[in-house]
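A quick write-up on the structure given underneath.
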Protein chains: 2
Amino acid sequence: METRAPSLTEQMRNGNLFAEQCPSRDVLKHVTSRWGVLILVALQGGTHRFSDLRRKMGGVSEKMLAQTLQWLEADGFVNRKSYPVVPPHVEYSLTPLGEEVSEKVAALADWIEGNLPKVMASRNERDA
Amino acid sequence: METRAPSLTEQMRNGNLFAEQCPSRDVLKHVTSRWGVLILVALQGGTHRFSDLRRKMGGVSEKMLAQTLQWLEADGFVNRKSYPVVPPHVEYSLTPLGEEVSEKVAALADWIEGNLPKVMASRNERDA
DNA sequence: CGGCATCCGATCAGATACTG
DNA sequence: CAGTATCTGATCGGATGCCG
């Protein structure tokens, strides 16, 4: 089949995920990473502390939670606010930019959660 | 902050990404994998052959393309049609279920492509 | 409490060679 | 053309220990 001509919106895009070296791939990687998705969805509920997030997200290690939070912070999606007290107190929240992506990510996450039975059924058919 | 009570839709969900052993995590993994995203978006344009996909998606190896296609096929998102001719001819397309996820995935991909400048700006601020 | 540094095994992913 | 098989390096990701 033919390759359709690029639409107007496509021409105006500043990133192209199909280009091998495009930095948009890094952003996608952070956002769709194993824990990135859950962080973005979890923070939709409002500000959370590090330990809150860790408790909420089953199975995440301290290391990966910290690392993923740093990625998302560097990309401008997550805001990190540290209170200089003992014991330390750090709060994470979504930036305006983060609110936008998290909506897209949450829409995908919701779809998957809601349609899981159909997917499981498809897998079982294949086994039979 | 308080944990809000589960909404009605949340209660009706059949999957829960925050649960460590929930199979929905595997589905998310396939769909948001490095090449899974690109495959789902690419197939929105219609049926594609293996080589078409490979050419279109910069940087993917034969192995990973084949493997990712198999994941998506097993999950019921992608349809594989093989014509028994020489040389072989195999066509990939989205199933109705796949059309649905691909919309969510494409919405995310589009957002990232369109907002890449903002993200890059955020990164640069941090460096300064 | 919220990290960081190090070590280490598991998994991912590319290159290459081979096949129907 | 559309894969599979194998090998190998790269990266992911968890466990542990330490620190402000």
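Atoms considered below: every heavy atom in the structure, side chains included; atoms not considered: hydrogens, waters and symmetry mates. Here is how names work: the chains are called A, B, and so on, in the same order as the sequence lines, proteins then strands, and each is numbered from 1. Since this is a predicted model, take the numbers as computed values, not measurements.
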Would a distance-only check, ignoring hydrogens and angles, find a side-chain to backbone donor-acceptor pair under 3.5 Å from [X] to [Y]?
| X | Y | result |
| --- | --- | --- |
| A/Thr68 | A/Met64 | yes |
| B/Asn115 | B/Trp111 | yes |
| B/Ser93 | B/Thr47 | no |
| B/His89 | B/Pro87 | no |

Worksheet item: B/Thr95 and B/Val78: which non-hydrogen atoms are nearest, and at how many Å?
Response: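 It is CG2-C, 3.8 Å.
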[X] side chain, from C-beta outward: closest of [options]:
| X | options | result |
| --- | --- | --- |
| A/Ser51 | D/dG3, D/dC12, C/dC1 | C/dC1 |
| B/Arg49 | C/dG3, C/dG14, D/dA2 | D/dA2 |
| B/Lys63 | C/dC4, D/dC7, C/dC7 | D/dC7 |
| A/Arg34 | D/dG14, C/dC1, D/dT4 | D/dG14 |

Send over the distance from [X] [atom1] to [N] [atom2], rounded to a whole Å.
| X | N | atom1 | atom2 | answer |
| --- | --- | --- | --- | --- |
| B/Trp71 | D/dG3 | CH2 | P | 16 Å |
| B/Leu65 | C/dA13 | CG | P | 13 Å |
| B/Arg54 | C/dA15 | CZ | C1' | 11 Å |
| A/Phe50 | C/dC4 | CZ | C1' | 11 Å |
| B/Leu69 | D/dG3 | CG | P | 7 Å |
| A/Lys29 | D/dG13 | NZ | C1' | 13 Å |
| A/Tyr83 | C/dG3 | OH | C1' | 18 Å |
| A/Glu62 | D/dC18 | CD | P | 15 Å |

Worksheet item: Any chance the side chains of A/Glu113 and B/Ser24 put a donor and an acceptor closer than 3.5 Å?
Response: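 The answer is no; no qualifying pair exists.
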Discussion item. Tell me the bend of the helix from C/dC1-D/dG20 to C/dG20-D/dC1 as the angle between end helix axes, each from five pairs, rounded to the nearest 10 degrees.
Written reply: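 Roughly 50°, once rounded to the nearest ten degrees.
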Item to complete: To the nearest 0.5 angstrom, please state how far the CG atom of B/Leu72 sits from the CZ atom of B/Arg80.
Response: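 Answer for the CG-CZ pair, B/Leu72 versus B/Arg80, is 13.5 Å.
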Is the phosphate of [N] approached by [X] (side-chain N or O, under 4.0 Å from OP1 or OP2)?
| X | N | answer |
| --- | --- | --- |
| B/Arg80 | D/dG3 | yes |
| A/Gln67 | C/dC4 | no |
| B/Lys81 | D/dA2 | no |

Fill in: Working for salt bridge (charged side-chain N to carboxylate O under 4.0 Å, His left out), residues B/Arg13 and A/Asp110
CA-CA 8 Å; B/Arg13 275 178 194 161; A/Asp110 284 352; 2.7 Å; yes
Worksheet item: Transitively linked via ILVMFWY side-chain contacts under 4.5 Å: A/Leu65 with A/Val31?
Response: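 Yes; tracing contacts between hydrophobic side chains, which count when under 4.5 Å, links both residues.
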Discussion item. Tell me which residues in residues 84-92 of chain B lie within less than 4.0 Å of DNA chain D, going by non-hydrogen atoms.
Written reply: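 Result for residues 84-92 of chain B: B/Pro87, B/Pro88, B/Val90, B/Tyr92, sorted by number.
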Discussion item. Quick one, B/Lys29 with B/Asp26, criterion salt bridge (charged side-chain N to carboxylate O under 4.0 Å, His left out). Give me CA distance, side-chain angles, the key distance, then yes/no.
Written reply: CA-CA 5 Å; B/Lys29 184 175 183 173; B/Asp26 292 327; 5.9 Å; no
